[in-house]
Amino acid sequence: MRPLIFAANWKMHLGPEGARRFLHSFLERHEALPDRETWFFPSAVALETVARLTGDRPAIRTGAQNVYWEPKGAFTGELSVGMAREAGAQAGLVGHSERRHVFGETDQETGRKVRALLESDLTPMLCVGEKIEQREAGETLGVVQRQLSALDGLGRDALAQIVIAYEPVWAIGTGKTATPEDAAEVHAAIRDWFTERGVSPETTRVLYGGSVKPDNIHALISQPEIDGVLVGGASLDPASWSEIVRVTLD
Ligand code: 13P
């Protein structure tokens, strides 16, 4: 069994000092459990702090919230994979719905970012998910499959490295969560997509994200199709994040 992943996406919160304070409080109460990993996606300026303060904990990993695919050059404001790696990143988030819908990131761009991460041995975590009008029009699986097509052309070994986070756009920061059963249906379709391309279903990791909180984590993580969670708001408070990552499984 691959470990469950509890991933914190801090978005545009917590600089180096905020990250240090958070970790001081979180690590004090944190106990590693053998069946799970905790991942942090801090702001770019806090990457190094998080990687340094958690470096002696093998079950904690750090990742960049966004990367650019070119290795260097005149790309003002961008972060290369090499720079993220130098700061301690072991993973990179790609195609988060805020990148897609606020900054206009396309499937083609997410594909290039995934490839750049793979080339440097960083784990890509590709986010997919539908908007409310797409769900209501019955287009959820079609939208998710189109977003997965950014991975077309990658071989089985490369696909096996990728973690998928299913985050319905309407559930992000809204307090609305997909029911565990609805989420599990999309997760199963994502797993099938990978299986059809030769990746064993046990290898594919599909996380759920969107208003995950201490009071709904148990129902979500109890679904066999859900291999972990990607959490925004509730990962910013050390107490609620501790509660989420130590949830008891049945
Ligand atoms: P919330 O947990 O705040 O809904 O955010 C989810 C998310 O976007 C994680 O990437």
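Computed from a prediction, not measured in an experiment: that's the story for all the values here. First listed ligand is number 1; within each ligand, the first listed atom is number 1.
Contacts of T174 classified as side-chain hydrogen bond (donor to acceptor under 3.5 Å, both in side chains), with partners at least two apart in sequence or in another chain: none. Residues passing the side-chain hydrogen bond (donor to acceptor under 3.5 Å, both in side chains) test with E130, sequence neighbours excluded: R135, Y166, W170.
Between R115 and E119 no salt bridge is recorded (no basic side-chain N to carboxylate O distance below 4.0 Å). No salt bridge links E109 with R99; every basic N to acidic carboxylate O contact stays at or beyond 4.0 Å.
The only option from L207, V94, I164 that meets the side-chain contact (heavy atoms from CB on, under 4.5 Å) definition with M125 turns out to be L207.
The salt bridge (Lys or Arg N to Asp or Glu O under 4.0 Å) analysis of residues 222-237, with sequence neighbours excluded, yields the pairs R191-E225, R191-D227.
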Any protein N/O atoms within less than 3.5 Å of an N/O atom in ligand 1? List the atom names and distances, or say none.
residue  : atom   : partner : partner atom : Å
ligand 1 : 2 (O)  : G232    : N            : 2.9
ligand 1 : 3 (O)  : G233    : N            : 2.8
ligand 1 : 4 (O)  : G173    : N            : 2.6
ligand 1 : 4 (O)  : S211    : N            : 2.8
ligand 1 : 5 (O)  : K11     : NZ           : 3.3
ligand 1 : 8 (O)  : K11     : NZ           : 2.8
ligand 1 : 8 (O)  : H96     : NE2          : 2.8
ligand 1 : 10 (O) : N9      : ND2          : 3.0
ligand 1 : 10 (O) : H96     : NE2          : 2.8
ligand 1 : 10 (O) : E167    : OE1          : 3.2
ligand 1 : 10 (O) : E167    : OE2          : 3.0

